[in-house]
Amino acid sequence: MALTDNQRGALYMTVSMAGFAVEDVFVKAAAAALPLGQVLFSIGLCGMLVFAAMAARRGEPILPAAFLSRPMLIRSAFEVTGRLFYGLAITLTALSTTSAILQATPLVVVAGAALVFRERVSLRRWLAVLAGFAGVMVILRPGAEFSALSLLAVVGLLGFAGRDLATRAAPEGLSNRQLGALGFAMLALAGAILLAVSGGARLPDLADLSRLAAGTAFGMLGYHALSHAMRTGEVSAVTPFRYTRLVFAMVLAMVLFGERPDLATWIGAALVVGSGVFALTRKQDARAASAEGERRDIDDG
C-alpha cells in the first residue's frame with residue numbers, strides 16, 4: 001500500500017532525527033581521542049565540500065550574494081554559537097541530558113517569534129512554552145545536584161533557536177544544498193574557534209578517521225532527510241516527529257555509553273516533549289481554522 005504524503009514526511013523526519021542522533025554519538029566518540037575542535041572542524045569541512053560540490057553540479061553558486069545579507073549573517077552567528085556549545089555539551093556531559101534539553105528549541109522559537117516577529121501566540125501555547133521551560137529546569141535541577149556544564153546545552157539550544165528565527169527572515173531562493181554547505185561551514189568555523197583556544201590538532205589514526213567519516217555521513221543524512229520532510233506532507237503532521245530524536249538519543253546513550261537517566265531527567269524530558277508537541281500542533285490547528293474561516297467568508301460573499 002502506497003504511503004500518503006504525511007506518512008512519507010513523517011518517515012523522512014524520523015530518519016533525519018536518527019541521523020542527527022547517530023552523528024552526535026560519533027562526535028562524542030571521536031572527541032574522546034581527538035580535540036573537540038578538530039572533530040567539529042573535520043566534519044564541518046567535509047560536509048561543506050560535499051554540499052558545495054552538489055550545488056556546483058546543479059549550477060548553483062557556491063557563495064551566493066544572499067549569504068552576505070544581514071539575516072544570513074545573523075543566522076550564521078547563531079549557528080556557530082549553537083554548534084560550538086552543543087558540541088561542548090555532548091562531549092562534556094551526558095548525551096541523554098543534552099538531547100533532552102535540546103528538545104526545548106522549538107518552544108524558544110515559538111516565544112521568539114512572538115517577541116521578534118510579533119506573531120500571535122495564544123494563552124494555551126504560552127502555557128505550553130512555560131511548561132516546556134519548567135521541564136528544562138527539572139532536567140537542570142538547580143540546587144545541590146546542579147552542574148554548570150549543563151548550561152552548555154542551554155546556550156546551544158538558544159543558538160539553534162536564534163538560527164531558526166533568523167532563517168524566517170532569510171532571502172528566498174537558496175537551495176537546500178547551499179544552506180547545507182553554509183551550515184557545515186559554520187560547524188567548521190566553530191571547530192576552528194575551539195581549536196584555536198584549546199590547542200593544536202593531533203594526527204588521527206584509522207579508527208579516528210572512520211569515526212569522523214561516519215559522523216559526516218550521518219550528519220548529511222540528517223540534513224537531506226530533514227529537507228525532504230519539510231517539503232513532504234503537512235507541517236502539523238511532520239514536525240512533531242522531531243521529538244523522535246530524543247528517543248534515539250536516549251537508547252544510544254544507554255546502550256553505547258552506559259548512561260542511566262534518572263527519574264528527574266525522564267520527567268523533564270516528558271514535559272519538554274509534551275509541551276512542544278502541543279505548542280506545535282496548536283499553531284497548525286489555529287492556521288487551519290483561520291484558513292477555513294477565510295474560505296467560509298469568501299463562500300458567504
Side-chain angles (χ1 to χ4, degrees), residues 6 9-10 12-14 16-17 20 71-72 74-79 81-83 85-86 89 97-140 150-170 172 179 183 222 226-227 229-231 233-247 249 267-293:
N6 285 343
Y12 281 131
M13 182 62 77
T14 303
S16 172
M17 296 302 104
F20 287 135
M72 291 303 295
I74 294 175
R75 179 185 188 275
S76 296
F78 276 115
E79 176 108 37
T81 301
R83 292 284 196 170
F85 283 90
Y86 183 67
T97 300
T98 301
S99 298
I101 294 173
L102 184 68
Q103 304 312 305
T105 302
L107 297 171
V108 178
V109 172
V110 170
L115 298 174
V116 177
F117 296 110
R118 304 299 181 186
E119 290 189 8
R120 295 180 60 185
V121 176
S122 67
L123 177 60
R124 290 184 179 181
R125 288 181 63 214
W126 274 118
L127 292 175
V129 169
L130 292 176
F133 291 163
V136 172
M137 295 303 293
V138 171
I139 297 170
L140 292 176
S150 299
L151 295 178
L152 294 171
V154 176
V155 178
L157 85 86
L158 292 176
F160 288 138
R163 175 201 62 188
D164 292 348
L165 286 169
T167 300
R168 298 190 178 200
E172 297 182 359
L179 289 175
L226 180 62
S227 300
M230 298 310 293
R231 293 182 173 182
E234 300 171 354
V235 175
S236 59
V238 173
T239 301
F241 282 85
R242 280 180 177 270
Y243 291 103
T244 57
R245 179 172 182 168
L246 181 58
V247 177
I267 293 174
L271 278 171
V272 171
V273 172
S275 58
V277 171
F278 178 83
L280 292 172
T281 54
R282 287 292 301 178
K283 179 178 181 180
Q284 298 303 322
D285 290 344
R287 286 181 177 177
S290 177
E292 177 65 17

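Computed from a predicted structure; not experimentally measured. For the single chain, residues carry numbers from 1 onward in sequence order.
Two residues are said to be in side-chain contact when any heavy atoms from C-beta on lie closer than 4.5 Å; Phe160 and Tyr86 meet this criterion. The closest side-chain heavy-atom distance from Val108 to Phe133 is below 4.5 Å. The shortest distance between side-chain heavy atoms of Leu165 and Phe117 falls below 4.5 Å. For the pair Ser275/Leu107, a side-chain contact is recorded, criterion being any heavy-atom separation below 4.5 Å from C-beta on. In this structure, the side chains of Leu226 and Met13 come closer than 4.5 Å at one or more pairs of heavy atoms.
From Arg242, atom CZ reaches atom CZ of Phe20 across 8.5 Å, with rounding to the nearest 0.5 Å. Atoms CG and CE, on Leu246 and Met17 in that order, are 12.0 Å from each other to the nearest 0.5 Å.
A donor-acceptor pair under 3.5 Å is absent between the side-chain atoms of Arg163 and the main chain of Arg75, judged by distance alone. Distance alone, capped at 3.5 Å, is enough to place a donor-acceptor pair between the Ser16 side chain and the Gly222 backbone.
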Step-by-step side chain to side chain contact (heavy atoms under 4.5 Å, CB included) determination, Thr81 to Leu158: CA-CA 8 Å; Thr81 301; Leu158 292 176; over 6 Å; no
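Listed here is the closest heavy atom pair of Ala128 and Phe278: CB-CD2, 3.6 Å. When all heavy atoms of Val136 and Val272 are compared, the closest pair comes out as N-CG2, 3.8 Å. When all heavy atoms of Phe85 and Gly156 are compared, the closest pair comes out as CB-N, 3.7 Å. Of all non-hydrogen atoms in Val238 and Ala10, the two that sit nearest each other are CG2-N, 4.0 Å.
Applying the salt bridge (charged side-chain N to carboxylate O under 4.0 Å, His left out) test to Arg245 and every residue at least two apart in sequence or in another chain returns Asp24. With sequence neighbours excluded, no residue forms a side-chain contact (heavy atoms from CB on, under 4.5 Å) with Ala270.
In Phe241, the CZ atom is not crowded: 12 or fewer heavy atoms of neighbouring residues, nucleotides or ligands sit closer than 6.0 Å.
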Using a 3.5 Å cut-off and no angle test, enumerate the donor-acceptor pairs between side-chain atoms of residues 98-106 and protein atoms at least two apart in sequence or in another chain.
residue	atom	partner	partner atom	Å
Thr98	OG1	Ala89	O	3.4
Thr98	OG1	Thr93	OG1	2.8
Thr98	OG1	Ala94	O	3.1
Ser99	OG	Leu95	O	2.9
Gln103	NE2	Ser99	O	2.9
Thr105	OG1	Leu102	O	2.7

